[in-house]
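Structure first, commentary second.
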Amino acid sequence: MDNSQFVNRHVGISDSDQKQMLSTIGVASLDELIDQTIPSNIKLPAELDLPEAMTERELEEHIAELGSKNKIYTSYIGQGWYDTVTPAPIRRGVLENAVWYTSYTPYQAEISQGRLEALFNFQNVVTELSGMELTNCSLLDEATAGAEAVMMLYNERSRAKAKAGANVVFLDDQLFEPTKAVIRTRVLHQGMEIVSGDWRSFQFDERVFAAVIQYPDALGEVHDYRSFVEKAHAVDAQVAVAADLMSLVLLTPPAEWGADAVFGSTQRFGIPMYYGGPSAGYLAAGMKCKRTIPGRIIGVSKDVYGHPAYRLALQTREQHIRREKATSNICTAQALLATMAGFYAIYHGPDGLKRIAGRIHAYTGYIAEQLKLLGYTVCNTNFFDTLTVELPAKVSTESLRACAEECSVNLFYRRDGRVSLSLDETTMPSDLGVLLYIFSSALDTEGEKTIEEEISQTRQYFDSSFARQSSFLQHEVFNSYHTETELMRYIKRLERKDISLAHSMIPLGSCTMKLNAASELISLSMPQFGNIHPYAPADQTEGYSELIDSLKHYLGVITGLPGVTIQPNSGASGEYAGLRTIRTYLERNGKADRDVVILPASAHGTNPASAVQCGFQTVTINCDERGNVDMDDFMAKTEENKDRIAAMMITYPSTHGIFETNIVDLCRRIHDCGGQVYMDGANMNAQVGITNPGFIGADVCHLNLHKTFAIPHGGGGPGMGPICVAEHLIDCLPDHCQGHPGFDATQVAASPHGSAGIAAITYSYIRMLGYSGLRRATQVAILNANYMAALLKDTFGIVYTGATGRVGHELILECRNIKEASGIDEADIAKRLMDFGYHAPTLSFPVHGTLMVEPTESESKAELDRFVDVMNCIWKEIQEVVNGTADKTDNVLKNAPHPEYELVADEWNHSYPRSKACYPLDYLRSNKFWINVGRIDNGYGDRNLQPTFCACEVHL
């Protein structure tokens, strides 16, 4: 095996392993297996035109070369992105630590206590700084959080408001432009009307259900919104506030002057700008919104023995459960970045945050005074970190820009001729000298170049009525880990409570927990990629532009769909963006009345919610006993709705884990009815290099880069959901305002390229594998799934197989008959797997009472065999219950998982020995993952679940 080739590092199966596995499956070659799995009529006739594979060394040098083409200027652009300092122990201990970046969303609470606690800490940072009672454990970015806030308040309208049809939302002119843009995109097809203007002159009436304002606003001004909020509440309207979390260290929290919801970004809490993302958005509200707030909420509950334990609350995957009735399609958020932001607050503590915010504010005030002395007009009366400056007649924007760029400085140049500048925690006295040099040089005067005087960091440049009086972050966790040693140990302590890919295979179906190679992640720690503002001029971002343009080209080649945007910053956001592209196309072609989306029951779980969020109605197509689309039902319903069909959303291979043989006919039928075909790319990792959506007949496909293309899950994000479209849809792709107004309502994320900072991961994955490596990865993913199916079919049984008896890249294990015979259900099996050091497969999705397994191409045969041994051991334990050898209630499955504190206790109160609970297989004696809590209730009816350190209860 040539270990210089990355494919042999990424793919876990050797040639000798492959031969044994093929023999077990019962085929002579890998090609024969692929022929039996993928229909012959959709196979690509030629190789994909992709570059030759690079070695890891070549890739590292190439990424460094691309990074050198980005110019790192000192950025004062602001508008939602600010330079910041990522503390080294957080960068090394979390961002660069595989235990944190390869962990899955914490749906299995018992083996996710570390990241659950970290996200719980994040929630407390948000609630305490905003003053609100409840928050989720991150959203995608500030703009999409704003859209979610508006939709939440729409769903929270009083009965009287809803009955009266109140549907107007007011957007203040001084909201950040991306926030206004994304809100427009998201709400216009939800039956809402947008009114914009100046909050000071806006008149509320009964039609208004909500208003959205910025604090401080886009010009940097801090306003007293109390009377505005009172006017809103007087007509039963609610107010959402976009708030800079760092400013709330010094400013009165919005909750204290009546805000109903607060949203924004936590980017400046130690997360690099990354050319626009990823960084964690947030949305906080009152307890009244506990059933409508989107995303995930972490709460403190108890395990079966009464020990405190963290778990997810009601919102967990609600879009999968409620489908078309879901109030949001949010799935992947920004858990890894939220975790980092939480640790940032812990490392600095309340006093450290006050010092950082105080210094930012003091330096801003100093610059304001000096600019006035130079003859500039500072438009701000009350401010935190941002100034808007009116230029004297003798100073042009062009001359000021020339001076600034000569000094490697970026300012924000407004269309009205004014200039804004936002300071941040990286600003030093020497930077202030450079700023004053720039502004004085533009005036042709002798300017101050060095700052020698002491700048007071206690003076306030806003009215005392705006000053925060309430304390925050008083809990022990925010006041204990301020040295690197203590923080390092706290991070490690939490890390030891989590299972990740660093421990064992995570066999989740439809979620694709494959290797996130270290060599793919090197750019995340490089300032040449991290310290770039998304509005930086093009001549400063040539490396990013080359990387993004190449990535878009590669994704277009791989999918067979040439138009690509990487703006959507999650898979669910990609679903929405793809549907929004179809809607735009239909509207521009006079077909706006087409409002039905056809959805096979085997489509990916977020699809119905995404369709409804885009303003469509859904029609579900049944599946037959083999898991295929029921053609009779399909033909009948497409005929019934043929004049209204906007699109079909289909996942291929389906969420049932099979390649349907009639996929081309399904696509052709939709086109004959005048609709478009949207192919969900959740399972694209079973297509790459062998077939693709464009060749099959799709018009749109979104890609979950955290699935097929190796972006880490990070405990529930970051994600990225590029959409690829056919030629006729390219002009309908999402646009971007680039910080200024004047655009169509198509923008779906805050920054032009979404989470651009992680695009390099997928770019690196493609460059190191090349065509042959990508194809090999697909083939082995299918090989591994069929190998596992062959070994488990005679015990658990496989729910669905294709026309030739093969599964795709994932398989669904039958557990429903087990429950009938033994009382053991799929949840018991999932819990017992934890005792073996494994995360559970996907539980009861897409078929209730089953487990869906996806082994991925990264796993070795040894790991696959070990997992099969574990499943066989569990099968035997189930049979012991069936035949009466084991007690029906006091057995290892019903009591799983077995926490360490129980296993080492003096007393043992079970009918089976400790050894059976702890060491059911020999490998565990040398590699045991110790669980620190017992079984936690998966139900969401816990009436004492605490979402923050406060003593409040969430009555779910």
* Report, as yes or no, whether the 6.0 Å neighbourhood of atom NZ on Lys43 holds more than 12 heavy atoms from other residues, nucleotides or ligands. => yes

* **Contacts of type side chain to side chain donor-acceptor pair (under 3.5 Å), residue Arg91, not counting sequence neighbours** => none

* Asked: Salt bridge check: are Glu495 and Lys492 linked by an N-O gap of less than 4.0 Å?
  -> yes

* Do you know the tightest heavy-atom contact between Ile658 and Pro653? -> O-CB, 3.3 Å

* Fit a plane to each ring of Phe659 and Tyr652, take the angle between them on a 0 to 90° scale, and name the class: parallel (under 30°), tilted (30 to 60°) or perpendicular (over 60°). => perpendicular

* Asked: Any Lys/Arg nitrogen of Glu110 or Arg935 sitting under 4.0 Å from an Asp/Glu carboxylate oxygen of the other?
  -> no

* Asked: For His307, what residues pass the side chain to side chain donor-acceptor pair (under 3.5 Å) criterion, not counting sequence neighbours?
  -> none

* Has Arg816 got more than 12 heavy atoms of other residues, nucleotides or ligands less than 6.0 Å from its CZ? -> yes

* With sequence neighbours excluded, residues passing side chain to side chain donor-acceptor pair (under 3.5 Å) with His839 -> none

* Asked: Does Lys819 NZ have over 12 foreign heavy atoms under 6.0 Å away?
  -> no

* Asked: salt bridge (Lys or Arg N to Asp or Glu O under 4.0 Å) with Glu56: which residues, sequence neighbours excluded?
  -> none

Enumerate donor-acceptor pairs with a distance under 3.5 Å from any side-chain N or O in residues 843-852 to protein atoms, sequence neighbours excluded.
| from | atom 1 | to | atom 2 | distance (Å) |
| --- | --- | --- | --- | --- |
| Ser844 | OG | Glu826 | OE2 | 2.8 |
| Ser844 | OG | Gly849 | N | 3.1 |
| Thr850 | OG1 | Val847 | O | 2.5 |

* To do: Using salt bridge (Lys or Arg N to Asp or Glu O under 4.0 Å) as the criterion, list what pairs up with Arg866, not counting sequence neighbours.
  => Glu863

* Please state whether the rings of Tyr838 and Phe867 are parallel, tilted or perpendicular, taking 30° and 60° as the class boundaries. => perpendicular

